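Remarks on the structure that follows.
Computed from a predicted model, the values in this text were never measured in an experiment. Naming convention: chains lettered A, B, ... in sequence-line order (proteins, then strands); numbering from 1 in each chain.
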Protein chains: 2
Amino acid sequence: MILVDEGVDVGVRSSGAGVRAVPPATVARLPGYLRALGALGDEGIVTTSSDELAERAGVSSAQLRKDLSFLGSYGRRGVGYEVAHLSEQVGVVLGLATQRRVVIVGIGNLGHALANYSGFAERGFAVVGLLDADPAVVGTTVAGLVVEPADELARVVEQRDVSIGVIAAPAHAAQRVCDALVDAGVSGILTFAPRALRVPDHVDVRAVDVASELQILAFHDARRSATGA
Amino acid sequence: MILVDEGVDVGVRSSGAGVRAVPPATVARLPGYLRALGALGDEGIVTTSSDELAERAGVSSAQLRKDLSFLGSYGRRGVGYEVAHLSEQVGVVLGLATQRRVVIVGIGNLGHALANYSGFAERGFAVVGLLDADPAVVGTTVAGLVVEPADELARVVEQRDVSIGVIAAPAHAAQRVCDALVDAGVSGILTFAPRALRVPDHVDVRAVDVASELQILAFHDARRSATGA
DNA sequence: TAGATTGTTAATCGATTAACAATC
DNA sequence: TAGATTGTTAATCGATTAACAATC
């Protein structure tokens, strides 16, 4: 079985009632809503509307309301949404009530950049381990953490209760690192290596491939040139 | 008008016949097929089947055949696909026949990592400019290029025929950089800043937000914990 | 009450899957 | 010819959009 993207469609407890499935497409947009809500909060805005929030998140207000309807009923007709409250609820649905612990495997240029990225902490994640296979890198300090040997992965994941692994290793090592993360027991993997990864059904993989993103842009650029724009 | 993702659905010339629309979902998978074809080629495999290629790309063979059918008819029934030929055709559809030139704006940790990433060149892109707003960074050499001042953007884009801009600047500067790229005339933008960007209809934006990816993984992790797995 | 805005319904649209006829 | 595998069709499924009744 091969999985590259998208996990299963699972339920969310809604206050007293039953369980509601949140569609994958909706889940994928929730972080954007959370971001927009954070910005509104920072600007001191207390109440917002589906129009305003949608505008900021870059979606239509119809889609925003539809998405939020899967989570429950957190607005007031005629009034709008309370920013702080909605923000908290979306956070709960995304499982950010508990902080998730993350390891980064592969401390090259990209691993360095990720380790130093402050957005992780700001948005609910703690980077608790950096690992690398290269003895020359092991022992160095990056972003306040000492890089540990890659073969310590199982111990690090278990002892520090890590649930998400980030793969910033070279493509040829990606599947090996992935297997090690799965064996160590993480439930989610974010990979930057340009390779499809094989994982068991219970593990969720998200893949970011920068060159693929550029190729998708190239497609549109090519059409544009061809049709003379 | 706000656009964060996905461009328009545009056509591809097929050998003699008319124009066929390639659905966005298909376009988004083409880079993965190209990658898998490259790997097959590297292994010296000359002919492949939809089963084999799909397995490597991490999709179903039905989906692969459906996707390829939008591009034209490049296989032989009973036989399969010639790796080199299919690879070339997919490349043509993605507009990789012409090399695209790229600038990176924001040479912090991430910009550094991107500038040094060899995958760009390997997959059809030339990084021809690095720009930063910080005078302390301007003038330094990164990945063989001298970092130029951000306000030289228009000149760099025009003189070096740049069609794609990569935003690796801080979130608060993202919209400003985006506007400058649009004014300079790029047709596609890849942004790593956690912000929805406003662009005119004729410009295509792809957004990579690492923390959002982790939040999506957190959602699945939370369901898993809740349902006791 | 009148105006505003949500939450939901129904219609539309696009994507995926399965099955198989065409054909090498 | 018999076996294999594509390309396409039709059915299913999921996502988006628009409109509006509910209600603050």
Check your understanding: Rounded to the Å, how far apart are R29(B) CZ and dG14(C) P?
Key -> 15 Å
Point to revise | Sugar-phosphate only, base, or nothing, as touched by R65(A) at under 4.0 Å among non-hydrogen atoms | key: base
Study note, to complete from the structure: Under a 3.5 Å limit on both distances, the Watson-Crick or wobble mate of dA18(D) is dT9(C)
Study note, to complete from the structure: Taken to the nearest whole Å, CZ/F70(B) to P/dG7(D) is 13 Å
Exercise for review: Give a yes/no on whether any side-chain N or O of R77(A) is located under 4.0 angstrom from OP1 or OP2 of dC20(D).
Suggested key: no
Review point. So, are E43(B) and R56(B) salt-bridged, with charged N and O less than 4.0 Å apart?
Key: yes
Point to revise | Pair D67(A)-Y33(A), side-chain donor/acceptor within less than 3.5 Å | key: yes
Study note, to complete from the structure: L71(B) CG to dT8(D) P, in whole Å, measures 11 Å
**Study point:** Gap between atoms CG and P, on L64(B) and dA15(C) respectively (whole Å)
**Key:** 17 Å
Check your understanding: Regarding R123(A) and the six-membered ring of F125(A), is the cationic atom NZ or CZ under 6.0 Å from the ring centre and inside 45° of its axis?
Key -> no
Review point. Can you tell me how far P of dT6(C) sits from CD of Q63(A), to the nearest Å?
Key: 15 Å
Review point. Whole Å only: how far is the CG atom of L53(A) from the C1' atom of dT5(C)?
Key: 14 Å
Review point. Who does dC24(C) pair with, Watson-Crick or G-U, both distances under 3.5 Å?
Key: dG3(D)
Exercise for review: Answer yes or no: does a side-chain N or O of S50(B) lie under 4.0 Å from OP1 or OP2 of dT6(D)?
Suggested key: yes
Practice item. Figure out the OH/C1' separation between Y74(B) and dG7(D), and round it to whole Å. Key: 14 Å
Review point. Using a cut-off of less than 4.0 Å, is there contact between a side-chain N or O of R76(B) and OP1 or OP2 of dA22(C)?
Key: no
Review point. Under a 4.0 Å N-O cut-off, is there an ion pair linking D209(B) with R35(A)?
Key: yes
Check your understanding: Are any of Y81(A)'s side-chain N or O atoms less than 4.0 Å away from OP1 or OP2 of dG7(C)?
Key -> yes
**Study point:** First of V79(A) and A62(A) reached from the 5' end of DNA chain C, by closest nucleotide
**Key:** V79(A)
Review point. Are the side chain of E213(A) and the backbone N or O of A207(B) linked by a donor-acceptor pair below 3.5 Å?
Key: no
Practice item. Round to a whole Å and report the spacing from CD of E52(A) to P of dA4(C). Key: 16 Å
Check your understanding: If you pin K66(B) and S49(B) to their nearest nucleotides in DNA chain D, which one's is more 5'?
Key -> S49(B)
